[in-house]
Amino acid sequence: MNSYAPYFLMAIIFILVICTVFFLRKQHVALKKVGFICWISLFFYFFIEYIIIRASIVPYSFFKQPMSDLGVTVCGKNTYILASYEICSPYHLLMNWTFTITGLVILIGSVGLHQFWPHKQQTRIATTLLITFGISYSISGIVPADLHFLWHTLSSFPGMIVQIPALLIIGTSIRKAKPKLALWTFFCSSVTTISLLLILLLPLFPEFPGGLLQRILYGSVYLWMTVTAVVLWRKEHINLEDKPSKYSSRKI
């Protein structure tokens, strides 16, 4: 029998973090520093996933199987509607905690680093979409596929789409002030868009590597966030050294 206690704890932490970020959203300097750390830490996601894949008791296909399979809480076949194959992931709890924390890290970083984008309605929309991306990802860990497939799927679906317009908006808004970062943003948005389109074609072309495409879909956004945070941090560090007395942080 599954224990739901860890997932209730995930949900409580999820809500507490969101409330904390909301109440501290005016603390621009502190949120900025935390935002850098959060987005840069996304680099470590796939190292954790690699450890969990290696621990799988039955063969797991990195290329074919979705990431959610690593969070399935029971062993066997038909653990959820689309899983006719055998799954046994002994580190499923670690995987679901990783999903939940990754989503929160995305959310916190999106709020903390919003101040680096031009003050426009469009960039506020982009940040809202990235927050939605983080929330969607967290819920996929709080509700594993085998515990409630419908809610897991519905909560995961926005996270497959919203990052695309978010990156396009940000890239467009910074193309004059930060042309190289804008080009990097457009590149990552193209990669995640192509991955999504190929995933949508899976019913027609089941030979496509669905697991790999899903990882590219999310991984391209993680990589964008990691590189973007490093670029913004370096620019911030240079500004502080050049003009320490005139520096002031942007407000959200």
Side-chain angles (χ1 to χ4, degrees), residues 14-15 17-28 30-45 67 98-142 154-175 177-178 181-193 195-196 214-233 236 249-252:
F14 172 74
I15 294 169
V17 170
I18 290 179
C19 291
T20 301
V21 172
F22 175 79
F23 285 116
L24 297 179
R25 68 190 184 280
K26 300 297 184 182
Q27 304 297 320
H28 306 296
L31 271 178
K32 175 178 58 183
K33 293 178 180 178
V34 174
F36 286 142
I37 295 171
C38 284
W39 274 14
I40 292 173
S41 70
L42 287 167
F43 178 80
F44 296 101
Y45 169 84
M67 296 152 68
T98 301
F99 287 148
T100 303
I101 293 172
T102 298
L104 290 174
V105 161
I106 291 169
L107 183 153
I108 296 168
S110 300
V111 175
L113 302 184
H114 170 84
Q115 56 198 285
F116 287 96
W117 313 135
H119 300 291
K120 297 179 180 180
Q121 179 65 28
Q122 292 94 324
T123 55
R124 287 194 288 272
I125 293 172
T127 296
T128 301
L129 291 173
L130 290 179
I131 290 171
T132 303
F133 179 71
I135 290 173
S136 171
Y137 206 89
S138 284
I139 295 177
S140 69
I142 296 171
L154 290 177
S155 64
S156 300
F157 187 71
M160 298 178 67
I161 299 173
V162 293
Q163 78 278 13
I164 296 173
L167 295 190
L168 290 174
I169 291 170
I170 291 172
T172 302
S173 70
I174 64 173
R175 69 184 186 280
K178 301 179 179 71
L181 186 58
L183 185 61
W184 166 245
T185 303
F186 289 135
F187 171 75
C188 290
S189 66
S190 299
V191 172
T192 191
T193 301
S195 301
L196 176 61
Q214 186 190 41
R215 287 170 170 85
I216 294 174
L217 174 76
Y218 293 119
S220 58
V221 184
Y222 298 166
L223 187 59
W224 174 78
M225 289 178 171
T226 299
V227 172
T228 297
V230 171
V231 169
L232 295 176
W233 177 82
E236 181 82 353
S249 90
R250 282 176 171 265
K251 295 183 178 180
I252 295 179

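Values in this document were obtained by computation on a predicted structure and should not be read as measured data.
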Atom CD1 in Ile216, atom OG1 in Thr192: separation rounded to 0.5 Å?
10.0 Å

What verdict does the side chain to side chain contact (heavy atoms under 4.5 Å, CB included) test give for Ser138 and Leu107, after you've listed the backbone C-alpha separation in whole Å, the side-chain angles of each residue and the deciding distance to 0.1 Å?
CA-CA 9 Å; Ser138 284; Leu107 183 153; over 6 Å; no

Quick one: sort the Phe36 and Phe116 rings into parallel, tilted or perpendicular, breaks at 30° and 60°.
tilted

State, to 0.1 Å, how close Phe186 and Gly171 come at their nearest heavy-atom pair, and which atoms those are.
CZ-C, 3.4 Å

Do you know which two heavy atoms are closest between Ser110 and Met225, and how far apart they sit?
OG-CE, 4.4 Å

Is there a donor-acceptor contact under 3.5 Å from the side chain of Gln115 to the main chain of His28?
yes

For a quick test of reading the model, state the closest non-hydrogen atom pair linking Leu129 to Val162 and the distance between them.
O-CG2, 3.4 Å

Parallel, tilted or perpendicular: which fits the ring planes of Tyr218 and Phe133, with parallel below 30° and perpendicular above 60°?
tilted

Rounding to 0.5 Å, atoms CD (Gln163) and CG (Leu196) come to a distance of 7.5 Å

Evaluate the side-chain proximity of Ile174 to Pro118: yes if any heavy-atom separation is below 4.5 Å, no if none is.
yes

I need the Cys188 SG to Leu168 CG distance, nearest 0.5 Å.
11.5 Å

Tell me whether Ser220 contacts the main-chain N or O of Leu217 through its side chain, where contact means a donor paired with an acceptor under 3.5 Å.
yes

Side chains of Ile170 and Leu130 in contact at under 4.5 Å (non-hydrogen atoms):
yes

Interatomic spacing from OG in Ser156 to CD1 in Ile139 - rounded to 0.5 Å:
8.5 Å

Looking at every non-hydrogen atom in both residues, tell me the closest pair between Val111 and Leu31 and how far apart they are.
CG1-CD1, 4.1 Å

Kindly compute the distance separating OG1 (Thr228) from CG (Leu42), expressed to the nearest 0.5 Å.
11.0 Å

Exercise: identify the closest heavy-atom pair between Thr102 and Tyr222
CG2-OH, 3.8 Å

Report the C-alpha distance between Leu223 and Trp184 in whole Å, list the side-chain angles of each, state the deciding distance to 0.1 Å, and finish with yes or no for side chain to side chain contact (heavy atoms under 4.5 Å, CB included).
CA-CA 10 Å; Leu223 187 59; Trp184 166 245; 3.8 Å; yes

Within the structure provided, determine whether Phe187 and Leu183 are in side-chain contact (heavy-atom separation under 4.5 Å).
no

Is there a donor-acceptor pair closer than 3.5 Å between any side-chain N or O of Thr226 and the backbone N or O of Trp39?
yes

Given side chain to side chain contact (heavy atoms under 4.5 Å, CB included), test Met160 with Gln214 step by step and report yes or no.
CA-CA 9 Å; Met160 298 178 67; Gln214 186 190 41; over 6 Å; no

Donor-acceptor contact below 3.5 Å, side chain Thr127 vs main chain Thr123
yes

Considering non-hydrogen atoms only, spot the tightest contact between Leu232 and Trp117 and give its length.
CD1-CH2, 4.0 Å

Rounded to the nearest 0.5 Å, what separates atom CZ in Phe22 from atom OG1 in Thr20?
11.5 Å

Are Phe99 and Tyr137 near enough that their ring centres are under 6.0 Å apart?
yes

